[in-house]
There are 2 protein chains.
Amino acid sequence: MTTKEKRAAEDTKQPPVRRRDKERTRREILEIAFAEFAENGLAGGNTDAIAARANVTKRLIFYYFNTKEELFTAVLEMAYAKMRIAEQDLHLEALEPEAAIRRLAEFTFDFDQANPEYVRLVTIENIHRGRHIRASKKLKEMTRPIVSQIAAVLDRGVGAGVIRPGIDPVELHMSLNALCFFSVANRHTFEAQFAADMSSQKAKAQRRVEIADLLWRYVRNDQGAAKSAASKS
Amino acid sequence: MTTKEKRAAEDTKQPPVRRRDKERTRREILEIAFAEFAENGLAGGNTDAIAARANVTKRLIFYYFNTKEELFTAVLEMAYAKMRIAEQDLHLEALEPEAAIRRLAEFTFDFDQANPEYVRLVTIENIHRGRHIRASKKLKEMTRPIVSQIAAVLDRGVGAGVIRPGIDPVELHMSLNALCFFSVANRHTFEAQFAADMSSQKAKAQRRVEIADLLWRYVRNDQGAAKSAASKS
DNA sequence: GATATAATTATCCCGTTGGATAATTATAAT
DNA sequence: ATTATAATTATCCAACGGGATAATTATATC
């Protein structure tokens, strides 16, 4: 019976369910640590809690990651890698310039909304003045192809005469990120101060198009006859 | 000699230099606590350190503020009050709509740049999901007249036909804050990822006009002949 | 089946830190 | 001057938490 179940489980996964699995253990610790740090920050993040939630002894954390700081760095590396992968689903090449810009804006907005823990983690790293991201060789080598994607869209748009020349893709990316990031990161204080709604589905949907609009109005060429689709409520 | 100096000191301040001064002690603790929390966060902020830097016994902190959390809340209240006061120097009434919008943008940008500790504190409060700002009666009652100032500018601009109708002043304030806040709050990770410069005087000056531009392009009326001064490098 | 290796556990440790207890003393009111 | 009040200090404490030591055991290799 027990043996039967065991065998069944073993059949599912090719390498028989090993109690000792370096990769799996590492990954599970990382996953839990991500949640823990995103929730409570670096100082607030508790290694005892991580160990408990990951079903490992605390010692294992230090066995694999040496110190809490290094664990945090590893978490950051994982988070950024995931984001990088997500950005690859973003295909702007096939779209008209305006559609591409709007797609870009909505994609970024959706990503931040869907991954508040990521937003929190980045925020926390900034509180620490980016010292982990700066110290991580892996993170420094990790390129973010999204900027070249943006650059390509801008170039195409300028060529077609619908986007004005001289826009720096990094600056554009920064503006977009600022707008989307803020909607998640600063939600609580902003809502409290201005009795604004940034949490309901309706408010988010509105904000989403608002940001796309903002971005498009910023890049579009208004010299001569700018035939734009930017009209809404 | 000593008496002389003492007397001199007493002459300077009307109420003779009191060793026991409720108000002064409270204020000094708050000031140091502000720096400490902005630097190290709520969990990372150390009451021993605050006591030492403020030249008081730790007990005094709890005597006046009961708990660390309440001290943090008091710090928040002070910070927001200061910001509110700063906003009163912003006189948009006398300016043409476009000038007013640009002034607003630059003022906000400058404030965040000049007060990174404030930016950090707000960030930290958001990491804690705004639970202190929400719990503070004082903060809930503290209005932020800046929104009505913005609303007034928008109204005037719409009346003059230079600003398009339908813009929500709170949304505009949010967008502007997002852009300015990000430039300070997310500087470290953004610089690390995109090898961008957000710290040099030159980069800041550029970003400042860029944001003003962005905002103006967003609100200006482009129906009919929009005579705008929005041209730059 | 014996052995070596490395993944994992059980336990302990000690510096840190919010906060509590109780004594002290400057100041204002009488 | 005396007294009452309240601001301030001196000490202590117990829980927490990062990390270290050493023992254990599953697994791969021979």
Side-chain angles (χ1 to χ4, degrees), chain A residues 2-3 6-7 9-10 13-33 35-37 39-75 124 128 132, chain B residues 2-3 6-7 9-10 13-33 36-37 39-75 124 128 131-132:
Chain A
T2 343
T3 18
K6 204 174 181 182
R7 195 163 305 276
E10 281 172 0
K13 309 197 172 191
Q14 273 70 6
V17 180
R18 284 178 297 173
R19 297 256 300 276
R20 305 202 162 190
D21 185 334
K22 193 180 158 77
E23 300 306 319
R24 204 184 76 150
T25 305
R26 247 190 85 99
R27 191 172 0 107
E28 285 175 358
I29 291 175
L30 266 185
E31 217 71 55
I32 300 289
E36 173 75 11
F37 284 132
E39 185 59 37
N40 302 315
L42 179 50
N46 184 309
T47 55
D48 276 314
I50 294 171
R53 288 171 59 189
N55 278 314
V56 295
T57 316
K58 185 165 60 164
R59 180 69 246 268
L60 269 195
I61 295 175
F62 295 95
Y63 180 67
Y64 285 113
F65 299 98
N66 300 317
T67 67
K68 194 184 177 185
E69 294 259 323
E70 285 180 54
L71 173 60
F72 183 81
T73 303
V75 165
I124 288 161
H128 293 279
H132 309 92
Chain B
T2 345
T3 17
K6 205 173 179 182
R7 193 163 303 277
E10 280 172 0
K13 310 196 173 195
Q14 275 68 6
V17 180
R18 284 179 295 174
R19 296 259 298 276
R20 306 205 161 186
D21 186 333
K22 193 180 159 77
E23 300 307 319
R24 205 185 74 150
T25 305
R26 248 191 85 99
R27 191 172 1 106
E28 285 175 355
I29 291 175
L30 266 184
E31 216 71 55
I32 301 289
E36 174 76 10
F37 284 132
E39 186 58 37
N40 302 315
L42 179 51
N46 184 309
T47 55
D48 277 313
I50 294 171
R53 289 171 58 190
N55 279 315
V56 296
T57 317
K58 186 166 58 166
R59 179 71 246 266
L60 268 195
I61 295 175
F62 297 94
Y63 179 68
Y64 285 113
F65 300 98
N66 300 319
T67 67
K68 195 184 175 183
E69 294 260 324
E70 284 181 53
L71 173 60
F72 184 80
T73 302
V75 165
I124 288 160
H128 293 280
R131 75 164 182 268
H132 310 91

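Chain identifiers are assigned alphabetically (A, B, ...) following the order of the sequence lines, protein sequences preceding nucleic acid strands; residue numbering begins at 1 within each chain.
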Short of 4.0 Å, heavy atom to strand atom, which residues of residues 59-67 of chain A count as contacting DNA chain D? A:Arg59, A:Phe62, A:Thr67
Rounded off to whole Å, could you give me the CZ-to-P distance for the A:Arg53 and D:dG17 pair? 14 Å
Audit row: A:Thr25, A:Arg20, side chain to side chain contact (heavy atoms under 4.5 Å, CB included) steps and yes/no: CA-CA 8 Å; A:Thr25 305; A:Arg20 305 202 162 190; over 6 Å; no
Using whole Å, what does the distance between atom P of nucleotide C:dA6 and atom CD of A:Glu23 come to? 14 Å
In terms of side-chain heavy atoms of B:Thr57, which of C:dA7, C:dG19, D:dT9 is nearest? D:dT9
Looking only at D:dT8, D:dT9, C:dG19, the nucleotide nearest the B:Lys68 side chain is C:dG19
Side chain of B:Arg20 only, please: which of D:dT8, D:dT25, C:dT9 is the nearest? D:dT8
Check this for me: does any side-chain nitrogen of one of A:Glu28 and A:Arg24 sit under 4.0 Å from a carboxylate oxygen of the other? yes
B:Lys58 has a side chain; which of D:dG18, D:dA26, C:dG19 sits nearest to it? C:dG19
Tell me what B:Gly44 touches on the nucleic acid: a base, only sugar-phosphate, or nothing, going by heavy atoms under 4.0 Å. nothing
What are the two closest heavy atoms between A:Val75 and A:Ala33, and how far apart are they? CG2-CB, 3.7 Å
Would you mind reading off the distance between B:Glu69 atom CD and C:dG19 atom C1', rounded to a whole angstrom? 14 Å
Looking only at non-hydrogen atoms, find the nearest pair between A:Glu36 and A:Asn46 and report the distance. OE2-N, 2.9 Å
Could you tell me the separation between the CD1 atom of A:Ile29 and the C1' atom of D:dG19, rounded to a whole number of Å? 15 Å
Would you say A:Thr47 places a side-chain N or O within less than 4.0 Å of OP1 or OP2 belonging to D:dG19? no
Go through it in stages, so that I can follow the logic: the residues are A:Leu71 and A:Ile50, the test is side chain to side chain contact (heavy atoms under 4.5 Å, CB included), and I'd like the CA-CA distance, side-chain angles, deciding distance and then a yes or no. CA-CA 11 Å; A:Leu71 173 60; A:Ile50 294 171; 4.0 Å; yes
Where at least one partner belongs to residues 53-72 of chain B, residue pairs that pass ring pair (Phe, Tyr, Trp, His ring centres under 6.0 Å), sequence neighbours excluded: B:Phe37-B:Phe72, B:Phe72-B:His132
Can you tell me how far OG1 of A:Thr67 sits from CD1 of A:Ile61, rounded to the nearest 0.5 angstrom? 11.5 Å
For the pair made of CG in B:Leu42 and C1' in C:dG18, what is the distance, rounded to whole Å? 12 Å
Measure from CD on B:Glu28 to C1' on D:dA7 and round the result to the nearest Å. 14 Å
Report the distance from atom CG of A:Asp21 to atom C1' of C:dA6, rounded to the nearest whole Å. 13 Å
Gap between atoms CG and P, on A:Asn46 and C:dT16 respectively (whole Å): 18 Å
